[in-house]
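Numbers here simply count residues along the sequence, with the first being 1.
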Amino acid sequence: MKRFPVNATAVFGILLAVGFCFWLDTRLSFRLPAVSGWISWGIVLTGIILLALAETAFLAWGGATGAPADPTKRLVVFGIYRWVRNPIYLGGALVLLGVALARRSPTLLSAAALFSISIHFTVVRSEERRLEADFGQDYLENKRRVPRWIPRVPRKK
């Protein structure tokens with residue numbers, strides 16, 4: 001089985017940012033409206049499942065781990081990737097959103113929004129250019145069929 005690389009700097013940075021959000025929440029005089037625990041933790045669980053399904057597909061078919069420094073050797077177009085093109089980033093955003101709602105944290109909600117926007121305009125766009133260069137027409141066809149962010153049941157060919 002392929003080893004999953006962990007970027008220690010990224011993990012440390014994420015933990016530092018989340019810790020800062022928690023600290024900043026203690027200084028704010030307002031909280032988000034209460035949301036049912038079932039809803040918020042259901043969102044977290046959905047994000048975790050997306051991440052697990054995406055990583056499984058990368059390991060099983062893509063010849064990579066999903067880490068930015070380890071690009072796929074083959075275009076992954078099955079499993080969760082038949083439903084949505086960016087399940088890893090979507091899963092991460094859902095985890096942040098769910099935790100923000102569970103903690104009623106305006107700073108984590110802001111972090112989730114900033115994460116999604118920055119990932120879209122930096123990482124996703126550059127990855128799409130690389131995938132188009134690496135996989136050509138196969139990727140363009142996949143891009144036409146599969147939505148970028150909002151999962152959709154795969155269409156019959």
May I ask you to decide if N86's main-chain N or O and R148's side chain share a donor-acceptor pair within less than 3.5 Å?
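No, because the side chain of R148 does not come within donor-acceptor range (under 3.5 Å) of the backbone of N86.
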Between R145 (side chain only) and R82 (backbone N and O only), is there a donor and an acceptor less than 3.5 Å apart?
no
Side chain proximity check, [X] to [Y], heavy atoms < 4.5 angstrom:
{"X": "L109", "Y": "L97", "result": "yes"}
{"X": "P106", "Y": "L28", "result": "yes"}
{"X": "F78", "Y": "V76", "result": "yes"}
{"X": "K143", "Y": "F135", "result": "no"}
{"X": "P151", "Y": "L50", "result": "no"}
{"X": "D25", "Y": "R104", "result": "no"}
{"X": "V44", "Y": "L94", "result": "no"}

Would you tabulate the side-chain donor-acceptor contacts of residues 117-125 under 3.5 Å, counting partners in other chains and residues two or more places apart, or write 'none'?
unit_1, atom_1, unit_2, atom_2, d
S118, OG, L114, O, 2.9
S118, OG, F115, O, 3.1
H120, ND1, W149, NE1, 3.1
T122, OG1, S118, O, 2.4

On a heavy-atom basis, which atom in [X] and which in [Y] lie closest, and how many Å separate them?
{"X": "V35", "Y": "S40", "answer": "CG1-N, 4.4 Å"}
{"X": "R85", "Y": "V146", "answer": "NH1-O, 2.7 Å"}
{"X": "L96", "Y": "A112", "answer": "CB-CB, 3.7 Å"}

If hydrophobic clusters are built by linking Ile, Leu, Val, Met, Phe, Trp and Tyr wherever their side-chain heavy atoms come under 4.5 Å apart, do [X] and [Y] end up in the same one?
{"X": "F58", "Y": "Y89", "result": "yes"}
{"X": "F22", "Y": "L24", "result": "no"}
{"X": "V84", "Y": "L140", "result": "no"}

For the [atom1] atom of [X] and the [atom2] atom of [Y], what is their distance to the nearest 0.5 Å?
{"X": "I43", "Y": "I48", "atom1": "CD1", "atom2": "CD1", "result": "12.5 Å"}
{"X": "L131", "Y": "S126", "atom1": "CG", "atom2": "OG", "result": "9.5 Å"}
{"X": "R31", "Y": "T107", "atom1": "CZ", "atom2": "OG1", "result": "7.5 Å"}
{"X": "E128", "Y": "E132", "atom1": "CD", "atom2": "CD", "result": "8.5 Å"}
{"X": "L90", "Y": "T46", "atom1": "CG", "atom2": "OG1", "result": "9.5 Å"}
{"X": "L75", "Y": "N142", "atom1": "CG", "atom2": "CG", "result": "5.5 Å"}

Could you check V153 against W83 for side-chain contact (heavy atoms from CB on, under 4.5 Å), going step by step and ending with a plain yes or no?
CA-CA 6 Å; V153 176; W83 294 63; 3.5 Å; yes
Walk me through whether Y81 and L53 qualify under side-chain contact (heavy atoms from CB on, under 4.5 Å).
CA-CA 9 Å; Y81 287 91; L53 291 172; over 6 Å; no
Does R130 pair with E127 as a salt bridge, N-O distance under 4.0 Å?
no
